[in-house]
Amino acid sequence: MDEQKVLSIKGLLDDTPEEYLSHKEKYENSIRKSVLFYKTLHSTEDENMSVDEKTKLNFRNIVTSAIFKDNSPFMLHNSMFIPTIMGQGTDEQREYWMKRAKNMEIIGTYAQTELGHGTFIRGLETQATYDPDTEEFVLHSPVLSSYKWWPGGLAHTANYCIVMARLYIKGKSHGIHPFMVQIRDEETHMPLPGIKLGEIGAKLGFNTVNNGFLGFENHRISRDRMLMKNAQVLKDGTFVAGSNSKLTYGTMVYVRVLIVSNMANMLAKAVTIALRYSAIRRQSQPKPDEPEPQILDYVTQQHKLFIAIASSHAFYMNAMWLWEIYYSVSLQLASGKLDNLPELHALACCLKPLSTIDATAMIEKCRLACGGHGYMLSANLAQTYGLATAAYTYEGENTVLLLQAARSLVKAWVGHVKGRPLKGTMAYLAGDSTVKAWDGSIDGIIQSFKVVAIRKISSVVKILQDYEKSGLSPEDAWNKASVFLTAASEAHGRAVLLSVYKSEMDKRAAVLSPPLRKVLLQLVDLYVTYWALEKVGDMLLYASITDKDVDELQRRYIELLAAIRPNAVGLVDAFDFRDEILNSTLGAYDGRAYERLMEEAMKSPLNAEPVNQTFHKYLKPFMRGKL
Ligand SMILES: CCCCCCCCCCCCCCCCC/C=C/C(=O)SCCNC(=O)CCNC(=O)[C@H](O)C(C)(C)COP(=O)(O)OP(=O)(O)OC[C@H]1O[C@@H](n2cnc3c(N)ncnc32)[C@H](O)[C@@H]1OP(=O)(O)O
Ligand SMILES: Cc1cc2nc3c(=O)[nH]c(=O)nc-3n(C[C@H](O)[C@H](O)[C@H](O)COP(=O)(O)OP(=O)(O)OC[C@H]3O[C@@H](n4cnc5c(N)ncnc54)[C@H](O)[C@@H]3O)c2cc1C
């Protein structure tokens, strides 16, 4: 997907900054741009594409979609509607619906969350009751809390959606399943009979994604609208269960993996803006006889920003690694082999939370590092934060996902203690759980993070077992220990992030030029050293680090900042974001931040006239005591 082509689309870029549009105008402008974007770049993810091509297309989709400053009302069409048809439809259903969806003959979304339930999927209340007499499903929202609430594009954009609903046959519930539902007339776009649609209102971000609500009043759809790859309902109402009820959760796993690469992209954007601005901004005079220095020369500024570069690299390497696992497990699932699904689920439940937690915090730190101008919407740092922080919640709230990962870690550890072999990314749990002497090398520190994870997992299992021995139910024991269960998952996730970043970089290092290899490995070193210092408590507790070692680590960290400084601007330029995609007064390649800040300020409607009409209407009478 060629960004040059995207950016050459006439009218794609905004004349009036979105900040000065009304809520309604923002949406309408985003539809206008999305149509332009798709007409020019009608990119489809071909099923025959290689893993690499699919991943690049996903990644570039994310990058390119960034030009909307917010996200597009088409976002769910691409990121969930199409993947659900691919993953949950029969061959016949895929054949029919994929053609229509890829050609943008229809626009879809993914409606799972309800006003009353988001996390607890098994608590969803939207009903799909099978009527064998008419071979139809009757969709119904029995109470207000069962209204679908949040789906992107649902309010005024999509005319179809995947509805995740509870299947009832002859009064018996058969769990949550996906249904393809037309919600608007294809000609008039009016909501179909028995369907209530609307927008949920203004939000912290995502204000052009058109998140909506959807309620059903006994709306009928034909039997062939249930996506039946993983479970079927026969004409007579016989239910045929799938090999694993969690296969219907497959789209969420896909998006969680997509989010890790999206965080790499979001963070890269934010640090490009903040670092370029830090290179042109001069402030204060530490040395009386010298000019004001670039703020990038303050080591505290380097501390705020360089970790964001390294983290974006780390998330990208982990995302590409995870995509490989996702695609290989998807191929295995297609042939009925399910045994690697739990590991993929657990990995996604670790890496999606950690990448969103770190990216959100570091994007905010990039904004804070830019002083007052970072607070301007024209800097596009606040909006980037708004988009990133949403990912903490959507696609599985982070706490909930870390607890899901903890389920797998506890099961793996208990099995290991009983002599069952560990495999894949949890194999290290069988390793040495002590560090006899601190090893400050990159590999030594990564090994220490693995020991921290082993010790946290084993100790929280002991807490669980002690609670259960004391008579607590497993559920109450689990809840009581949940803070340390999430801590154990985070430690596992940290160990994975670090070791995959290092190993993936090592794989690539062999083909890099020596100067480039040196700089990129400095970032790996910075990332590992930063996290060892951030988690120094764990290192003291479990990795035999001494105060002398900590002192050495601190000095190494400072030297790494100094070593990276000469290449810092080059490292963000290497993310290769065009100005139109950065969409930022502070981050433009030419460094003309002040001129751009002024240019954007003059676009404020308030600057169209020197005296606002409220002076004569209110202020003057008020100041003359006449109000
Ligand atoms: C014009 C330009 C446009 C271009 C756009 C380009 C694209 C841009 C891309 C941008 C990046 C992507 C953005 C996408 C935006 C998405 C917007 C948001 C969408 C949503 O939020 S959709 C709704 C998401 N909702 C959730 O994720 C809900 C979270 N809850 C759950 O997943 C489950 O409830 C649960 C997992 C927490 C619990 O489930 P349940 O109660 O059923 O299960 P148990 O906890 O009892 O566990 C039982 C066993 O099942 C296993 N399990 C659970 N889940 C899974 C799974 N998914 N896969 C496999 N196995 C699973 C557990 O591990 C348990 O196993 P065990 O062996 O018994 O332990
Ligand atoms: C910007 C955005 C876009 C979205 N887009 C879509 C979409 O397109 N389609 C769609 O279907 N949904 C969408 N969602 C909804 C999203 O999936 C849900 O918000 C998310 O799953 C969390 O559910 P909830 O909001 O109901 O919070 P709840 O599930 O009510 O959780 C609230 C809080 O309770 C705590 N909590 C809940 N359960 C547990 C637990 N088991 N253990 C410990 N603590 C717990 C957590 O602190 C959690 O933050 C979107 C959400 C956002 C913010």
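Every number for a ligand or one of its atoms is a count from 1 in the order of the listing.
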Original post:
Quick one: does ligand 2 sit under 4.0 Å from the side chain of T113, the backbone, both or neither, non-hydrogen atoms only?
Top reply: both
Subject >> N262 N/O to ligand 1 N/O under 3.5 Å >> reply: no
Original post:
Do E28 and K24 sit within salt-bridge range, that is, some charged N less than 4.0 Å from a carboxylate O?
Top reply: yes
**OP:** Measure E395 to ligand 1 on non-hydrogen atoms and call it side chain, backbone, both or neither using the 4.0 Å cut-off.
**Re:** both
Original post:
Of the choices W150, F81, Y392, Y394, which has the non-hydrogen atom that lies closest to atom 13 (C) of ligand 2?
Top reply: W150
Original post:
Would you call the rings of W323 and Y327 parallel, tilted or perpendicular, where under 30° means parallel and over 60° means perpendicular?
Top reply: parallel
Subject >> Which segment of E397 sits under 4.0 Å of ligand 2 when only heavy atoms are counted >> reply: side chain
**OP:** For ligand 1, find out whether one of its N or O atoms is nearer than 3.5 Å to an N or O atom of R256.
**Re:** yes
Original post:
At a non-hydrogen distance cut-off of under 4.0 Å, which region of L403 contacts ligand 2 (side chain, backbone, both, or neither)?
Top reply: side chain
Subject >> Sub-4.0 Å protein heavy atom next to atom 35 (C) of ligand 2 >> reply: no
**OP:** For atom 28 (C) of ligand 1, state which one of G118, P342, S34 supplies the nearest heavy atom.
**Re:** G118
**OP:** Would you mind telling me if ligand 1 is within reach of the side chain of L341, the backbone, both or neither, using heavy atoms under 4.0 Å?
**Re:** side chain
Original post:
Any idea how F74 and Y38 line up, ring-wise: parallel (<30°), tilted (30 to 60°), or perpendicular (>60°)?
Top reply: perpendicular
Original post:
Got an N/O contact under 3.5 Å between S79 and ligand 1?
Top reply: no
Original post:
Taking both backbone and side-chain atoms of K411, is any N or O found less than 3.5 Å from an N or O belonging to ligand 1?
Top reply: yes
Original post:
Short N/O distance, under 3.5 Å, between R122 and ligand 1?
Top reply: yes
Original post:
Where on N211 is there a heavy atom closer than 4.0 Å to ligand 2, on the side chain, on the backbone, on both, or on neither?
Top reply: side chain
Original post:
If you measure from each non-hydrogen atom of L401 to ligand 1, which part falls under 4.0 Å: side chain, backbone, both or neither?
Top reply: neither
**OP:** Among K26, K33, Q383, find the one that has a side chain to side chain donor-acceptor pair (under 3.5 Å) with E18.
**Re:** K33
Original post:
At under 4.0 Å between heavy atoms, which part of V400 makes contact with ligand 2: side chain, backbone, both or neither?
Top reply: side chain
Original post:
Is the closest N or O pair between G396 and ligand 1 shorter than 3.5 Å?
Top reply: yes
Subject >> Any N/O pair S408/ligand 1 closer than 3.5 Å >> reply: no
Original post:
Less than 3.5 Å between some nitrogen or oxygen of T113 and one of ligand 1, yes or no?
Top reply: no
Original post:
Is it the side chain (CB and beyond), the backbone, both or neither of M80 that lies under 4.0 Å from ligand 1, heavy atoms counted?
Top reply: side chain
**OP:** Kindly confirm or rule out an N or O of Y38 lying under 3.5 angstrom from an N or O of ligand 1.
**Re:** no
Original post:
What do you reckon, does Y394 have a nitrogen or oxygen under 3.5 Å from a nitrogen or oxygen of ligand 1?
Top reply: no
Original post:
Would you say atom 32 (C) of ligand 2 touches the protein, meaning some protein heavy atom is under 4.0 Å from it?
Top reply: no
Subject >> Proximal atoms of ligand 2 relative to A390 (non-hydrogen, under 4.0 Å) >> reply: 1 (C)
